[in-house]
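Only one structure is covered here, and it is reproduced in the block below.
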Protein chains: 2
Amino acid sequence: MPRKPKGPVLNQLVLERLMHYFHLVGEQIPDNANGWVSSAHIAQLLAMDDTLVRKDLASIGVRGRPRVGFSIAELKGRIREVLGFNEIYKAIIVGAGRLGGAIVSYSGFAKYGLYVVALFDADTSRAGEVMGGVLVQPIDNLESVINRHDIHMAIITVPAEAAQAMADRLVDAGIRAIWNFAPTSLVVPQGVFVRHEHISVGLAELAYYLKRNNLTTTDWPSESWRPGQPLESTAEEG
Amino acid sequence: MPRKPKGPVLNQLVLERLMHYFHLVGEQIPDNANGWVSSAHIAQLLAMDDTLVRKDLASIGVRGRPRVGFSIAELKGRIREVLGFNEIYKAIIVGAGRLGGAIVSYSGFAKYGLYVVALFDADTSRAGEVMGGVLVQPIDNLESVINRHDIHMAIITVPAEAAQAMADRLVDAGIRAIWNFAPTSLVVPQGVFVRHEHISVGLAELAYYLKRNNLTTTDWPSESWRPGQPLESTAEEG
DNA sequence: TAGATTGTTAATCGATTAACAATC
DNA sequence: TAGATTGTTAATCGATTAACAATC
């Protein structure tokens with residue numbers, strides 16, 4: 001029984017493009033524009049067709065002015081609203097390793113409404129540490145924190161082997177959306193959303209590109225070096 | 001003047017699906033299969049159409065056997081080959097922060113042929129440290145290392161403000177492929193490939209989902225808590 | 001006004017799915 | 001052989017682009 005109107009249903013492609021527009025007007029355009037921007041201008045900077053920009057904006061109810069363009073303020077405001085950046089999302093991070101630390105320390109989430117309120121780690125000796133302003137807690141506190149703070153979102157940064165078990169536990173505890181940074185696929189029940197950050201997909205694209213352009217090698221950096229050994233000396237040797 | 005045949009041209013969608021097949025047969029299937037797998041089986045596990053699986057495999061030259069399916073070994077081998085995982089890619093990481101550290105410490109890259117041979121950081125006091133078995137070097141060594149080791153790929157994990165300048169410097173030094181983890185868009189010349197790991201795209205998807213399901217909040221975890229403050233005490237207070 | 005830019009319908013393009021003959 | 005599964009052509013679907021009238 002939803003209480004408020006839901007707004008348009010957007011697919012992933014549209015979401016991604018809206019995000020590009022949002023960044024563009026936030027970073028590149030405001031300097032040279034006086035508060036208005038044309039679909040052709042956006043399209044040119046993103047190497048896409050201007051009709052598509054207008055279609056996308058129309059789909060979220062942003063109306064332009066002939067001969068003027070679109071109001072940058074309205075465009076940003078409406079994207080924020082539709083994508084949900086005006087809400088507050090509380091999330092926890094499971095796995096206080098380097099990756100968890102990098103994520104919790106990233107200050108850019110706040111402008112999208114995302115706040116990390118707790119970090120958990122299986123290693124109880126880590127408890128009490130503060131990373132990125134957030135307390136590391138023993139994993140046994142997981143359920144009580146989720147419950148007490150009414151948290152719906154979890155970020156998984158544990159090793160791949162531990163990820164599925166952790167996802168199960170999170171779902172049992174009431175988590176409804178999972179942002180998975182562990183390099184493995186998670187199986188979750190209907191009604192739970194998972195976004196998997198596939199590092200290997202990016203890697204595949206790069207490897208494929210490099211291979212096709214013969215930018216590979218067959219030899220190691222030096223005679224003696226093997227992966228996993230510190231590459232020694234630097235500027236002058238060899 | 002490329003020296004070897006290039007193999008099929010694959011678009012991003014196909015690349016991504018091939019990667020899914022590759023993971024699937026590496027992780028889930030070998031246990032219950034005897035070396036063969038049908039397109040219908042793969043399709044079912046990935047919630048897709050079996051015709052598409054056969055099309056994709058045909059596009060990389062993997063032939064199946066009627067009534068039997070596809071050889072798992074051949075399938076994996078051919079995907080490895082086409083995507084370029086049998087080559088060796090040497091890469092450097094620029095930015096030895098937590099994210100750079102997480103990436104260099106990830107042992108999963110080797111199976112795709114990617115080896116990080118050096119880490120650089122603008123903070124010269126970091127030089128000499130070893131992270132994930134790789135030496136941290138002063139940023140001034142950048143050009144000489146790239147040159148001496150004939151490196152074509154760079155992973156950027158510096159703060160957003162520094163990313164474009166670093167990309168320019170990398171391109172000048174001869175880098176041809178950039179994996180960008182800084183939350184900003186990079187402009188590079190023709191002929192340089194950039195893969196941008198948009199953390200905000202994933203965030204947009206999650207935020208949109210949570211909003212549409214009313215899984216947001218309007219209040220902070222506690223009266224006094226504000227983002228950036230350690231959330232204090234844990235199990236029992238409140 | 002004239003002309004630039006939006007908004008929208010129709011056409012195109014490309015990717016996915018359906019149908020089914022070929023095969024072992 | 002009969003039947004399961006591949007391989008491939010044709011049909012469908014959805015997303016993008018072209019065309020152009022509406023608007024300020």
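All chains are named by letter (A, B, ...) in the order of the sequence lines, taking the proteins before the strands, and each is independently numbered beginning at 1. Computed from a predicted structure; not experimentally measured.
- When the C1' atom of C/dT12 is taken as reference, atom CG of A/D49 falls 12 Å away, rounded to whole Å.
- In this structure, the CG atom of B/L52 is 19 Å from the P atom of D/dT12, given to the nearest Å.
- Within the 4.5 Å cutoff, the side chain of B/L24 has no heavy atoms near those of the B/V37 side chain.
- The separation between B/R63 atom CZ and D/dT5 atom C1' is 13 Å, rounded to whole Å.
- With hydrogens and angles ignored, the 3.5 Å screen pairs no side-chain donor or acceptor of A/K211 with any backbone N or O of B/E87.
- B/I60 places its CD1 atom 12 Å from the P atom of D/dG7, with the value rounded to the nearest Å.
- Regarding contacts with the backbone of D/dT6, a side-chain N or O of B/R54 is found under 4.0 angstrom from either OP1 or OP2.
- The shortest distance between side-chain heavy atoms of A/I199 and B/E197 does not fall below 4.5 Å.
- Side-chain contact between B/L142 and B/M166 is present, with heavy atoms from C-beta onward closer than 4.5 Å.
- Backbone-only engagement by B/R65 is indicated by non-hydrogen atom pairs under 4.0 Å involving sugar-phosphate atoms exclusively.
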Q: For salt bridge (Lys or Arg N to Asp or Glu O under 4.0 Å), just list the numbers for A/E205 and B/R195, CA-CA rounded to whole Å, side-chain angles, deciding distance to a tenth of an Å, and then say yes or no.
A: CA-CA 8 Å; A/E205 235 184 272; B/R195 160 90 192 188; 2.7 Å; yes
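- The backbone N or O of A/G61 sits nowhere less than 3.5 Å from a side-chain atom of A/R78 that would complete a donor-acceptor pair.
- We find that CG of A/D50 is positioned 9 Å from P of D/dA18, with the value rounded to whole Å.
- In this structure, the NE2 atom of B/H41 is 17 Å from the P atom of D/dA4, given to the nearest Å.
- For A/P66, the listed nucleotide lying nearest its side chain is D/dT23; candidates were D/dT17, C/dT17, D/dT23.
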Q | Chi angles and distances behind the ring pair (Phe, Tyr, Trp, His ring centres under 6.0 Å) call for B/Y89, B/W179 | A | CA-CA 13 Å; B/Y89 306 98; B/W179 202 357; over 10 Å; no
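- Judged by Watson-Crick or G-U wobble contacts below 3.5 Å, the nucleotide D/dT23 has C/dA4 as its partner.
- Only at 4.0 angstrom or more do the heavy atoms of residues 10-22 of chain A sit from any atom of DNA chain C, so none qualifies.
- For the pair A/D56 CG and C/dT8 P, the interatomic distance rounds to 14 Å; values are reported in whole Å.
- Judged by distance alone with a 3.5 Å cut-off, no donor-acceptor contact links the side chain of B/K55 to the base of D/dT6.
- Residue contacts for B/T51: at a heavy-atom cut-off of 4.0 Å it reaches a base atom on one of the strands shown.
- Within the shown strands, C/dG14 is the pairing partner of D/dC13 under the Watson-Crick or G-U definition, both distances less than 3.5 Å.
- Residue B/W36 contributes atom CH2, which lies 19 Å from atom P of D/dA4 at whole-angstrom precision.
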